[in-house]
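Remarks on the structure that follows.
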Amino acid sequence: QPHLVESGGGLVQAGGSLRLSCAISGNTFIRYIMGWYRQAPGKEREFVARITWSSGRPYYADSVKGRFTISRDNAPNTVNLQMNSLKPEDTAVYYCYLEPLLPSGDAYWGQGTQVTVSS
């Protein structure tokens, strides 16, 4: 089964940038989607961005559109999230996920990485 590990979180001032990475191992699915969710204290887990692996087609939540960029690399197998113009409301634990399409199945999740944006 796939194993996902996030990295790159930290503390940054408002207006600054961070780059998150998610390393994937043990992935044997033919078609799949990867992306990011985030969860702030006391709030529901929120969709951030996703990418279809085969095509590289991205999709973003309105709250991050124009500020965040999702991308993927084949060697090593990695999905990235470049976060620019960060705002205090971006503060959350960011989780990487992999959703199998072929064969279909439940999503796999990383352990999360903390992003804190100070005002």
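Below, all heavy atoms of this structure are taken into account, side chains as well, without hydrogens, waters or symmetry copies.
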Out of curiosity, [X] [atom1] to [Y] [atom2], how far, rounded to the nearest 0.5 Å?
X	Y	atom1	atom2	value
Cys96	Ile24	SG	CD1	5.5 Å
His3	Asn27	NE2	CG	13.0 Å
Gln111	Ser7	CD	OG	13.5 Å
Ser25	Asn77	OG	CG	9.0 Å
Ser119	Glu89	OG	CD	10.0 Å
Leu18	Met83	CG	CE	4.5 Å

Result of checking Asp73, Thr78, Val5 against Ser21 for side-chain contact (heavy atoms from CB on, under 4.5 Å):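 With Ser21 as partner, side-chain contact (heavy atoms from CB on, under 4.5 Å) holds for just one option, Thr78.
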
Working for salt bridge (Lys or Arg N to Asp or Glu O under 4.0 Å), residues Asp90 and Lys87: CA-CA 5 Å; Asp90 295 318; Lys87 306 174 181 179; over 6 Å; no

Test ring-ring contact (aromatic ring centres under 6.0 Å, His included) applied to Tyr32 - qualifying residues, sequence neighbours left out: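 Partners of Tyr32 under the ring-ring contact (aromatic ring centres under 6.0 Å, His included) test: Trp53.
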
Taking all heavy atoms of [X] and all of [Y], pick out the closest pair and write down the distance.
X	Y	value
Ala40	Thr91	CB-O, 3.6 Å
Ala92	Gln114	O-NE2, 3.4 Å
Trp36	Val79	CZ2-O, 3.9 Å
Gly35	Ile70	CA-CD1, 3.9 Å

Test salt bridge (charged side-chain N to carboxylate O under 4.0 Å, His left out) applied to Glu46 - qualifying residues, sequence neighbours left out: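 Per chain and number, Glu46 pairs via salt bridge (charged side-chain N to carboxylate O under 4.0 Å, His left out) with Arg38.
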
Donor-acceptor contact present, side-chain [X] to main-chain [Y], <3.5 Å:
X	Y	answer
Tyr97	Leu4	no
Glu6	Thr113	no
Arg67	Ser85	yes

If hydrophobic clusters are built by linking Ile, Leu, Val, Met, Phe, Trp and Tyr wherever their side-chain heavy atoms come under 4.5 Å apart, do [X] and [Y] end up in the same one?
X	Y	answer
Val12	Val64	yes
Leu20	Leu98	yes
Trp109	Met34	no

Exercise: do Asn80 and Gln82 side chains pair donor with acceptor under 3.5 Å: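 Result is no, nothing qualifies.
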
Result of checking Phe47, Tyr95, Tyr94 against Tyr37 for ring pair (Phe, Tyr, Trp, His ring centres under 6.0 Å):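 Exactly one option meets the ring pair (Phe, Tyr, Trp, His ring centres under 6.0 Å) with Tyr37, and it is Phe47.
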
Aromatic ring pairing Tyr108/Phe29, orientation class (parallel under 30°, perpendicular over 60°, tilted between):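 Tyr108 vs Phe29 ring planes: tilted.
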
